[in-house]
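Bear in mind that the values here come from a model prediction, so they are computed numbers and not experimental data. One-based numbering along the sequence shown.
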Amino acid sequence: MPPPLAPETLRIVPLGGLGEIGRNMAVFEIGGKLLIVDCGVLFPEETQPGVDLVLPDFSYLENRLQDVLAIVLTHGHEDHIGAVPYLLRLRADIPLIGSQLTLALIEAKLAEHRIKPCTLSVAAGGVERLGPFECEFVAVNHSIPDALAVFIRTAGGNVLHTGDFKMDQLPLDGRITDLRHFARLGEEGVDLLMADSTNADVPGFTASEREIGPTLDRLFGQARKRIIVASFSSHVHRVQQVLDAAALHGRKVAFVGRSMVRNMAIAAKLGYLHVPGNVVVDLKNIAELPDNKVVLMSTGSQGEPMAALSRMANGDHNIVVGAGDTVILASSLIPGNETAVFRVINGLLKLGAEVIHKGTAKVHVSGHAAAGELLYCYNILRPRNVMPVHGETRHLIANGRLAMATGVPADHVLLVDDGTVVDLSAGIAKIVGQVECGFVYVDGSSVGAITDADLKDRRILGDEGFISIVVVVNRTTGKIVSGPEIHARGVAEDDSVFDEIKPRIEEALQEAVLAGKDHTSYQLQQVVRRTVGSWVNRRLRRKPMIIPVVLEA
């Protein structure tokens with residue numbers, strides 16, 4: 001555990017986003033007050049069956065909620081704002097600070113949770129004083145408009161948190177990452193830089209969004225029937241390019257997926273999405289148009305089971321994909337989602353569609369800075385200490401090496417995990433402890449009720465099946481009065497194969513009863529579990545879940 005916080009020392013505790021792509025959240029503390037930067041979700045992997053979302057662990061804040069001054073949101077992606085509703089359930093009046101679009105997206109999400117937030121809209125160049133924290137906001141370019149980095153001034157030191165960013169020199173909206181502002185902050189002094197690491201292991205520079213336009217134009221010109229484009233529901237720039245290509249080729253666009261419809265309506269209302277006249281139509285009216293005049297802008301680019309594109313691939317959607325349709329996956333693969341995405345691609349190909357993705361055409365560019373861009377930032381900012389954030393372990397390590405290459409001493413590069421406690425004082429950042437920081441699973445309406453043990457049980461049930469054994473024994477003699485009745489599910493063998501083990505169960509129970517007068521039903525159940533488990537493992541080469549029920553008569 002970390003020691004008590006010393007005066008004029010800034011404490012930083014990342015609660016998510018380190019060692020993973022998602023759950024981005026960091027807590028800053030000084031003078032007994034807390035400031036949170038981002039509060040996002042992580043999407044579940046196939047090893048987490050039944051889980052809808054994975055949240056940061058809020059237990060560190062449990063008894064400190066009244067000390068939280070605000071939540072600063074760097075941009076509107078789910079991995080940075082998606083967990084806000086769950087934190088506001090614990091204290092609904094925590095102020096939310098962010099850009100106009102970011103706040104509009106989170107307000108729409110909170111409305112679904114019936115939460116009316118307290119918000120403060122900020123713009124690039126703005127400065128807000130929040131107790132012992134002074135926050136200055138910097139324009140950065142990302143795959144969603146209105147992204148901001150935040151420069152946090154405190155008595156313990158100055159921290160620059162980049163959020164997600166890249167250095168696209170020709171962005172669609174003309175809003176570049178403000179390197180002049182970065183340079184001014186570098187001159188003032190950056191005691192700790194928390195930099196986006198997602199593409200730190202990618203050499204060179206991230207391509208410009210404008211390079212996608214010619215590819216979409218070519219694909220739209222070649223398509224003979226419907227075009228279905230799948231992307232993140234918040235990727236306003238990509239949707240803008242699809243709308244422009246559709247207008248150029250005389251097609252109408254319909255949005256598919258609740259979050260896509262909601263987010264694009266917000267973006268258009270606020271002026272971040274410019275819709276060419278009469279291009280967008282309601283999905284209900286698509287059937288009236290010929291196939292060669294239709295574009296469907298859909299969710300599901302990551303293979304999410306309930307998203308529109310996945311349901312189309314499974315034949316479980318009112319939009320039926322067929323031969324001659326063109327499907328464009330205009331997004332990158334989030335690590336961990338590869339299997340799900342390839343399953344969707346295979347399903348669409350079986351239906352006769354032509355599938356275009358990042359591996360076959362330039363239909364996506366990343367929203368994160370590659371190694372060359374990060375080097376520029378290190379040289380401009382000249383930070384005293386660096387803590388790479390937002391990435392898997394390989395990304396964090398690569399980012400740390402870039403920092404060292406530009407002259408940051410190795411002992412000033414902090415490669416930490418979720419829950420690691422870092423104190424900053426007098427220009428020195430050091431690790432001082434570790435707090436509990438696990439995964440919190442959302443499963444339907446339950447939050448935090450599902451444990452890792454439950455997920456292990458689900459994986460066993462899915463992979464190995466289960467066996468139930470019901471037996472009634474005489475309390476005194478240990479002889480079986482009824483049973484054992486053995487039933488198996490998810491096991492290839494017929495139930496008759498278990499006739500071989502029944503005599504062994506009887507012998508084991510009788511021996512256990514006679515050996516100890518104070519036995520309990522639970523102890524006898526464990527005897528049955530061990531007996532059946534070892535036999536099944538040896539005889540059937542399986543490790544199913546075993547559920548014994550022993551009743552004493």
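Within the 3.5 Å criterion, the main-chain N or O of Met167 finds a donor-acceptor partner in the side chain of Gln169. Not a single donor-acceptor pair under 3.5 Å links the side chain of Arg258 to the backbone N or O of Met260. Asp178 contributes no side-chain N or O that, together with a main-chain N or O of Ala139, makes up a donor-acceptor pair within less than 3.5 Å. For the pair Asn385 (side chain) and Asp191 (backbone), a donor-acceptor distance under 3.5 Å is present. A donor-acceptor contact shorter than 3.5 Å links the side chain of Arg91 to the backbone of Val68. A donor-acceptor distance shorter than 3.5 angstrom exists from the side chain of Asn24 to the backbone of Asp79, with no hydrogens or angles considered. For the pair Asp196 (side chain) and Asp164 (backbone), a donor-acceptor distance under 3.5 Å is absent. Of the possible donor and acceptor atoms, one in the side chain of Asp38 sits under 3.5 Å from a partner among the backbone N and O of Thr74. Although no hydrogens or angles enter the test, the distance criterion places no donor-acceptor pair under 3.5 Å between the side chain of Ser197 and the main chain of Ala200. Checked by atom type and distance alone, the side chain of Arg175 never pairs as donor or acceptor with a backbone atom of Asn141 at under 3.5 Å.
Between Asp423 and Thr9, the side chains place no donor N or O within less than 3.5 Å of an acceptor N or O (distance only, hydrogens not considered). Counting only N and O atoms by type, the side chains of His368 and His390 include no donor and acceptor under 3.5 Å apart. Side-chain polar atoms of Asp168 and Ser208 form a donor-acceptor pair below 3.5 angstrom. No hydrogens or angles considered: a donor-acceptor pair under 3.5 Å links the side chains of Gln100 and Tyr272. Under the 3.5 Å distance criterion, with hydrogens and angles disregarded, a donor-acceptor pair is assigned to the side chains of Glu373 and Thr206.
A distance below 6.0 Å separates the ring centres of Tyr86 and His113.
Within the 4.5 Å cutoff, the side chain of Gln241 has no heavy atoms near those of the Arg210 side chain. Residues Leu96 and Val84 meet the side-chain proximity criterion, which asks for heavy atoms closer than 4.5 Å. Under the 4.5 Å side-chain criterion, counting only non-hydrogen atoms from C-beta, Ile94 is in contact with Leu88. Looking at Val435 and Val421, their side chains come closer than 4.5 Å, going by heavy atoms from C-beta outward. Proximity of Leu18 to Val416: side-chain heavy atoms (C-beta onward) are separated by under 4.5 Å at one or more points. Counting only heavy atoms from C-beta outward, the side chains of Tyr378 and Asn399 approach each other to under 4.5 Å. Val41 has its side chain within reach of Leu55: a pair of non-hydrogen atoms, C-beta onward, lies under 4.5 Å apart. Side chains of Asn314 and Val344 form no contact here, defined as non-hydrogen atoms less than 4.5 Å apart.
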Inset, instruction - Please lay out, stage by stage, how Val239 and Val236 fare under the test side chain to side chain contact (heavy atoms under 4.5 Å, CB included). - result: CA-CA 5 Å; Val239 175; Val236 178; 5.8 Å; no
Inset, instruction - Go through Arg382 and Glu187 one step at a time and tell me if the salt bridge (Lys or Arg N to Asp or Glu O under 4.0 Å) criterion holds. - result: CA-CA 9 Å; Arg382 289 293 176 189; Glu187 291 295 324; over 6 Å; no
Inset, instruction - Apply ring pair (Phe, Tyr, Trp, His ring centres under 6.0 Å) to the pair His142 and His77, showing each step before the final yes or no. - result: CA-CA 10 Å; His142 187 41; His77 280 154; 4.9 Å; yes
Legend entry - side chain to side chain contact (heavy atoms under 4.5 Å, CB included) evaluation trace for Asn263 with Phe255: CA-CA 10 Å; Asn263 290 347; Phe255 297 128; over 6 Å; no
Legend entry - Evaluation steps, side-chain hydrogen bond (donor to acceptor under 3.5 Å, both in side chains), between Thr102 and Asp146: CA-CA 7 Å; Thr102 302; Asp146 239 7; 5.7 Å; no
Inset, instruction - Go through the steps to decide whether Leu101 and Ile144 satisfy the test side chain to side chain contact (heavy atoms under 4.5 Å, CB included), and finish with yes or no. - result: CA-CA 9 Å; Leu101 179 62; Ile144 186 173; 4.2 Å; yes
Inset, instruction - Would you check, one step at a time, whether the test side chain to side chain contact (heavy atoms under 4.5 Å, CB included) holds for Val27 with Leu35? - result: CA-CA 6 Å; Val27 179; Leu35 178 71; over 6 Å; no
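Minimum heavy-atom separation, Val190 to Phe151: CG2-CE1, 4.0 Å. When all heavy atoms are compared, the tightest approach of Gly189 to Asn158 is O-ND2, 3.2 Å. The two residues Ser233 and Thr299 come nearest to each other via the heavy atoms CB-CG2, 3.9 Å. What you find for Pro14 and Cys437 is that their closest heavy atoms are O-SG, 4.5 Å. Here the closest heavy-atom approach between residue Leu130 and residue Ala70 is recorded as CD1-CB, 4.2 Å. Contact record, Val280 with Val275: CG2-CG1, 3.4 Å, taken as the closest heavy-atom pair.
The number of heavy-atom neighbours closer than 6.0 Å to CG of Asn63, taken from other residues, nucleotides and ligands shown, is 12 or below. At most 12 non-hydrogen atoms from other residues, nucleotides or ligands lie less than 6.0 angstrom from OH of Tyr376. Counting heavy-atom neighbours within 6.0 Å of Glu8 CD, excluding the residue itself, gives a total of 12 or less. Counting non-hydrogen atoms of neighbouring residues, nucleotides and ligands closer than 6.0 angstrom, the CZ atom of Arg129 exceeds 12 such neighbours.
Note on Glu107 versus Lys116: no salt bridge recorded, every NZ/NE/NH1/NH2 to OD/OE distance being 4.0 Å or above. Using a 4.0 Å cut-off between charged side-chain N and carboxylate O, Arg11 and Glu29 make no salt bridge. Between Arg262 and Glu112 there is a salt bridge, with a side-chain nitrogen of the basic residue lying less than 4.0 Å from a carboxylate oxygen of the acidic one.
Separating the CG atom in Leu374 from the CZ atom in Arg401 is a distance of 14.5 Å, to the nearest 0.5 Å. Note that CG of Leu15 and SG of Cys39 are 9.0 Å apart. Values are rounded to the nearest 0.5 Å. One finds the CZ atom of Arg180 at 12.0 Å from the CD1 atom of Ile380 (value rounded to the nearest 0.5 Å). Distance check: His357 NE2 to Ser331 OG gives 11.0 Å after rounding to the nearest 0.5 Å. Rounded to the nearest 0.5 Å, atoms CG (Asp57) and CG (Asp418) are 9.5 Å apart. Note that CD of Glu134 is 9.5 Å distant from CD of Glu128, once rounded to the nearest 0.5 Å.
Below 30°, between 30° and 60°, or above 60°: for His75 and His80 the angle between ring planes is between 30° and 60°, a tilted geometry.
A cation-pi contact links Arg23 to Phe439, judged by a cut-off of 6.0 Å to the six-membered ring centre and 45° from its axis.
Tested against Ser143, the residues Glu209, His364, Lys166 include a single side-chain contact (heavy atoms from CB on, under 4.5 Å) partner, Glu209.
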